[in-house]
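Computation of the quantities below employed the complete heavy-atom set of this structure, encompassing side-chain atoms and omitting hydrogens, waters and symmetry-equivalent molecules. Nothing fancy with the numbering, it's 1 onward along the sequence. One-based numbering, in listed order, for ligands and for the atoms of each.
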Amino acid sequence: MFAKEGLEGVVAARTGLSRIDGEKGELSYRGYSIHDLARHSDFEECVHLLWYGELPTRAQLAETRREMAAQRALHPDALEILRRFARDASPMDMLRTVVSALAIHDPDVHESTREANLRKGVRLTAVMPTVVTAHERLRKGKEPLAPDPSLSHAANFLYMLTGTRPDDLGTRALDVAMLLQLDHGLNASTFAARVTGGTLADMHAAITSAIGTLKGPLHGGANHDVMVMLRTIGEVDKAADFVRTELLQKKKIPGFGHRVYKTLDPRAIHLRDLSERLGKSRGQEKWFQMSVVIEKTCKEMKNLNANVDFYAASTYYLLGFEMDLFTPIFACSRAPGWIAHVIEQHTDNRLIRPLEEYIGPPERPYVPLDKRG
Ligand code: COA
């Protein structure tokens, strides 16, 4: 039987990581509602939850934080790659390339036990923001900054970007934005990670596949396109007309629609709040105001709901990230989820290999080169 286009409605994995109810607009990690986690938890705690199945004790959380903070520095060879390609490569291509190259020196690269995968998971999760920020600084002619192990994952990410310690609101905004994107069922990049992991290829191979998949504008690339749209519109009073015209021309509005959610993406609720608070505190409220008008217009005209990428865009922008860093931030946020899925895939692995329906020409005789017209 042929599945629907895009494998819509097909259940292709069992997972104990995240639960999505697309009709009700619900998302939870290991049974904990995303709303509770966004209000009370943080990125490192949720990473622990995904990888070990339970919320950590105080001592376990301290250990997870310590382990991750200790693995942020870049191998000199990775830094050399960044220096060599900083001005030519896009941040997403650079991240994919460096993550792939990090396999070369990883002591566990050929081992795929749960313990080895967790060690690689810590290293990859810890170092990806260093890759993104080092590239960003190098392409602007600045030297990369050494990570600060006394800072949280999110605060250090911002510190390595700007060289100044972020304020509490900025840190919390990035922390919550990253936490909200940790895992999301069998989305395209997670599926790619599981397919690669399912061949028993190594963790770096799986994460490299996932980063490549996240890049597309129908997936992680949408957050970048949202900000391009906001900047193109420019002013709040032009937003409604812009969106109306686009929709009447049957164009897609980035940051709207979702394969699974039939109602508002629950992550968008928290990102909307962060975007508003950051806008007020930075004296730049127009991005949020414009976003609200776009959201209302999309709802009225096509009953379209905002997805995670819509308010993430203005949140990242207000945090000082260049637009082409938005998708790499998403990759840094989703990496622990990909890692958890590869580990889950390995615990009960069977090669993922669906069937195809052949629709090409029927069998025919080979025609020698000199007989072809
Ligand atoms: N803007 C305008 N119309 C949209 C839309 C959007 N962002 N998203 C979906 N639609 C419309 C489609 O045009 C289609 O309408 P039709 O039935 O009149 O032709 C209908 O909704 C179904 O859309 P479809 O693209 O078939 O849904 P999908 O499940 O294949 O795609 C997405 C889901 C996410 C790829 C799609 O909504 C999209 O391209 N969104 C914009 C990119 C984005 O934000 N991606 C990030 C996802 S987290």
For [atom], closest protein heavy-atom neighbour:
atom: atom 46 (C) of ligand 1; result: Asp309 OD2, 3.2 Å
atom: atom 28 (P) of ligand 1; result: Arg259 NE, 3.6 Å
atom: atom 26 (O) of ligand 1; result: Lys252 NZ, 5.0 Å
atom: atom 35 (C) of ligand 1; result: Leu218 O, 4.0 Å
atom: atom 13 (O) of ligand 1; result: Lys302 NZ, 3.6 Å
atom: atom 47 (C) of ligand 1; result: Asn307 ND2, 3.6 Å
atom: atom 40 (N) of ligand 1; result: Phe256 O, 2.9 Å
atom: atom 6 (C) of ligand 1; result: Ile253 N, 3.5 Å

Subset of ligand 1 atoms that lie under 4.0 Å from at least one heavy atom of [X]:
X: His258; value: 37 (O), 48 (S)
X: Leu247; value: 2 (C)
X: Gly255; value: 43 (C), 44 (O)
X: Lys251; value: 2 (C)

So which of Ala222, Pro254, Gly257 gets nearest to atom 34 (C) of ligand 1, if we judge by its closest heavy atom? Gly257

Which of these, Leu304, Asp225, Asn223, has its nearest heavy atom closest to atom 9 (C) of ligand 1? Leu304

Decide yes or no for Ile211 and Met128: does some side-chain heavy atom of the first lie under 4.5 Å from some side-chain heavy atom of the second? yes

Set of residues satisfying ring-ring contact (aromatic ring centres under 6.0 Å, His included) with respect to Phe330, sequence neighbours excluded: none

Applying ring-ring contact (aromatic ring centres under 6.0 Å, His included) to His35 and not counting sequence neighbours gives His270

Any salt bridge linking [X] with [Y]? Criterion: basic side-chain nitrogen under 4.0 Å from a carboxylate oxygen.
X: Glu276; Y: Arg272; result: no
X: Arg139; Y: Glu322; result: no
X: Asp93; Y: Lys215; result: yes
X: Arg119; Y: Glu115; result: no
X: Arg282; Y: Asp167; result: yes

Tell me whether ligand 1 is touched by Glu5 - counting only heavy atoms on the residue side and a distance under 4.0 Å. no

Could you tell me whether ligand 1 has any atom less than 4.0 Å away from a heavy atom of Gly6? no

Strictly less than 4.0 Å: does any protein heavy-atom distance to [atom] fall in that range?
atom: atom 20 (C) of ligand 1; value: no
atom: atom 15 (O) of ligand 1; value: yes
atom: atom 44 (O) of ligand 1; value: yes
atom: atom 32 (C) of ligand 1; value: no

Report the C-alpha distance between Val308 and Tyr261 in whole Å, list the side-chain angles of each, state the deciding distance to 0.1 Å, and finish with yes or no for side chain to side chain contact (heavy atoms under 4.5 Å, CB included). CA-CA 11 Å; Val308 68; Tyr261 291 119; over 6 Å; no

Distance-only side-chain donor-acceptor flag, [X] / [Y], under 3.5 Å:
X: Thr327; Y: Asn223; value: yes
X: Thr64; Y: His48; value: yes
X: His219; Y: Ser189; value: yes

Between Pro217 and ligand 1, which residue portion shows a heavy-atom distance shorter than 4.0 Å: side chain, backbone, both, or neither? backbone

For ligand 1, does His219 get within less than 4.0 Å through its side chain, its backbone, both, or neither, judged by non-hydrogen atoms? backbone

Looking at Arg194, Arg114, Arg30, which hits salt bridge (charged side-chain N to carboxylate O under 4.0 Å, His left out) with Glu344? Arg194

Polar contacts were defined as any N/O atom of the residue lying under 3.5 Å from an N/O atom of the ligand; does this apply to Val308 and ligand 1? no

In short, Thr15 meets His341 closest at the heavy-atom pair OG1-CE1, 3.6 Å

